[in-house]
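Notes for the one structure printed next.
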Amino acid sequence: MVKGTNMSTHSVTASSPGTEANRHTAGGSVGSLSDVAQEIERHLPDKLMDPIMETSLLNIYYGDFHAVHDVNLAFGRNEITALIGPSGCGKSTVLRSLNRMNDLVPGARVEGAVNYQGQNIYARGVDPIAVRTHVGMVFQKPNPFPKSIYDNVAYGPRVTGMKVDDMDDLVEGALRGAALWDEVKDKLKQSAYGLSGGQQQRLCIARTIATKPNVILMDEPCSALDPIATARVEDLMLQLTQDYTIVIVTHNMQQAARVSDRTAFFTARPDETTGNRTGLLVEYNLTKQLFSQPSDQRTEDYISGRFG
Amino acid sequence: MAAYAETAAKTVLATAGRDRDRSVKSLVFLGLLWFSLFFGVLVLVALIVSTALEGAPRFDSDLITRYSSTLSPERTGFRAGILGSLMVILATAAMAVPIGIAAALHLEEFANKERWYNKFIEVNLQNLAAVPSVVYGLLAVAFVTLMGIHQRGLVISGAVALSLLILPVIIITTREAVRAVPREIRDGSMALGATRWQTTWKQTLPSAVPGIATGTILGLSRAIGEAAPLLIIGTATAIRFDPNGLMSQFTALPLEIYSTTSQSREDFRVAAAAAIIVLLVMILALNGLAIFIRNKFQRSW
């Protein structure tokens with residue numbers, strides 16, 4: 001666990017009433033992006049008062065390459081935050097820095113702070129393994145383990161030594177949480193590789209929530225899925241906000257508009273001397289405002305399809 | 001203009017339609033390929049058939065249950081060599097497999113590949129795989145002498161020599177098997193809060209086991225046919241007792257075959273030919289096992 005702080009393992013925050021009812025569900029007909037975003041009638045504060053996670057002056061380097069420059073972002077509890085932008089703008093890099101998955105990339109270096117419930121996860125003495133039990137991650141390509149469905153879900157609690165009264169209950173709960181239980185309850189002992197791509201991705205979500213994180217990071221979770229499977233995952237994300245905070249990287253602006261409460265737009269700026277492209281945050285706002293009244297010309301160009 | 005295009009299209013189709021696979025040049029080339037293939041296979045088949053024919057009179061139980069005998073050459077056997085080879089291979093496997101897998105896992109999963117000493121080790125592993133086997137015999141002599149064993153031709157010395165010989169093979173094939181496990185599996189495990197060690201132990205290694213097993217068995221089947229390093233460590237060629245432990249003297253089947261063929265009497269040559277077939281069967285059985293494991297457990301990601 002993290003030294004010197006009292007990060008609670010799982011502080012369940014009460015979800016604001018009417019969260020689900022007022023949200024637009026995924027997969028419906030899509031008008032213009034701002035129309036879609038307007039439908040989300042959630043009463044969100046313009047300014048986040050109590051973010052669960054926050055980056056300040058975040059700079060990320062891979063060796064000499066400056067990948068991300070001065071990112072300040074705050075993620076609201078039980079909200080979905082979308083990170084959008086053209087390829088190579090550093091949005092995935094930022095996402096992976098939120099649970100220290102970037103540590104696994106040789107040569108990766110982080111400057112600045114990422115505060116999770118007030119604690120800088122890059123501070124000295126913080127165990128990245130502990131960070132990842134609080135901040136889970138779902139990847140672009142479904143990556144179930146070559147094990148049974150049951151063992152996939154039970155893997156996290158087992159390796160982290162979580163105290164579990166009844167593993168069967170926990171597995172069922174996680175699979176229900178990921179809206180997969182009814183489809184797999186009769187074949188829990190079968191290989192996860194027998195599932196369809198969309199089911200595999202929901203299994204990966206189940207696997208992540210089995211470790212009871214507070215935040216779930218999703219790196220283009222639907223890019224390998226067909227539209228129907230995508231719609232199901234999007235529905236699931238909206239359900240998950242009752243208990244979890246979600247940060248999602250997506251290339252699909254419709255998706256950002258459909259599911260997210262706030263959207264951060266990134267772009268890449270080439271370095272004058274080296275030509276390396278450094279990612280930076282252009283605009284961060286409520287999703288409906290970002291899509292209806294972008295305040296930056298680059299955002300407007302991007303969301304209207306003129307660039308990127 | 002349209003007519004021109006039509007003609008052009010016809011020409012293109014006509015060119016493509018003429019079967020270029022049937023031109024003289026490609027037929028000659030194909031013939032050469034077939035010849036090369038058959039040459040290799042033919043030599044092997046001829047060798048095996050002529051050896052089997054020569055040894056045919058001696059395919060009896062005496063061949064594997066009796067010790068070598070100069071008094072009754074028509075009933076001489078290779079019991080000591082067969083048991084000796086099996087024992088030394090078991091000891092080799094017990095030594096080389098854990099060390100080889102551990103070394104490969106360290107290099108692949110834990111070592112910092114940017115560091116010069118890891119690059120140095122990497123280059124030298126490739127070189128080690130190409131070192132003549134005699135050299136490993138010398139190395140083994142030095143090694144066991146340093147351990148304080150001065151007796152010649154012990155099972156442990158043979159196992160050390162053969163372990164050194166096949167370690168590079170095991171390390172290289174294990175690294176390849178480990179590298180074939182997709183990064184996404186490791187990332188998925190780490191993202192759930194597993195440590196690097198748990199990830200390696202519970203995900204990477206089990207997924208790589210088929211590849212590791214295949215490489216290891218192929219290494220062992222190479223070792224079982226080796227004679228040179230065993231000669232260097234002073235292995236006896238004619239022994240009339242079963243090896244009974246690591247500190248026991250032994251002889252190996254290739255050595256016993258070698259010493260038997262150098263006898264002048266016809267009976268010995270027949271026995272040696274039969275023993276060669278026994279050795280081949282042992283090696284082919286190991287290779288067959290490797291192929292079986294590979295086909296049965298190999299996973300495509």
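To find a chain, count down the sequence lines: A is the first, B the second, and so on, and within it residues start at 1. Not measured: the values here are computed from a predicted model.
- Both the backbone and the side chain of A/Arg207 come within contact range of chain B, with heavy atoms under 4.5 Å apart.
- Of the two parts of B/Asp187, the backbone and the side chain both hold a non-hydrogen atom closer than 4.5 Å to a non-hydrogen atom of chain A.
- Without hydrogens or angle criteria, B/Ser189 side chain to B/Ile185 main chain gives no donor-acceptor distance under 3.5 Å.
- A salt bridge is defined here as a Lys NZ or Arg NE, NH1 or NH2 lying under 4.0 Å from an Asp or Glu carboxylate O, and A/Lys189 with A/Asp151 fails to meet this definition.
- Residue with the most contacts toward chain A among B/Arg196, B/Lys202, B/Glu114: B/Lys202 (heavy-atom pairs, distance under 4.5 Å).
- Among A/Arg96, A/Arg100, A/Gln140, the residue with the largest count of heavy-atom pairs under 4.5 Å with chain B is A/Arg96.
- Ranked by non-hydrogen atom pairs under 4.5 Å with chain B, the options A/Leu217, A/Thr208, A/Leu104 are led by A/Leu104.
- With B/Ile212 as reference, B/Thr174 is the one residue of B/Thr174, B/Val97, B/Ile170 to meet the side chain to side chain contact (heavy atoms under 4.5 Å, CB included) rule.
- Using a 4.5 Å cut-off between heavy atoms, B/Lys113 does not touch chain A at all.
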field: B/Glu122 vs B/Arg115, salt bridge (charged side-chain N to carboxylate O under 4.0 Å, His left out): CA-CA, chis, key distance, verdict
entry: CA-CA 11 Å; B/Glu122 181 138 14; B/Arg115 295 266 180 267; over 6 Å; no
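- A/Arg232 has no carboxylate O lying under 4.0 Å from a charged side-chain N of A/Glu234, or vice versa, which leaves the two without a salt bridge.
- With a 4.5 Å cut-off on non-hydrogen atoms, A/Phe145 touches chain B through its backbone and its side chain both.
- B/Phe292 CZ: 12 or fewer foreign heavy atoms inside a 6.0 Å radius.
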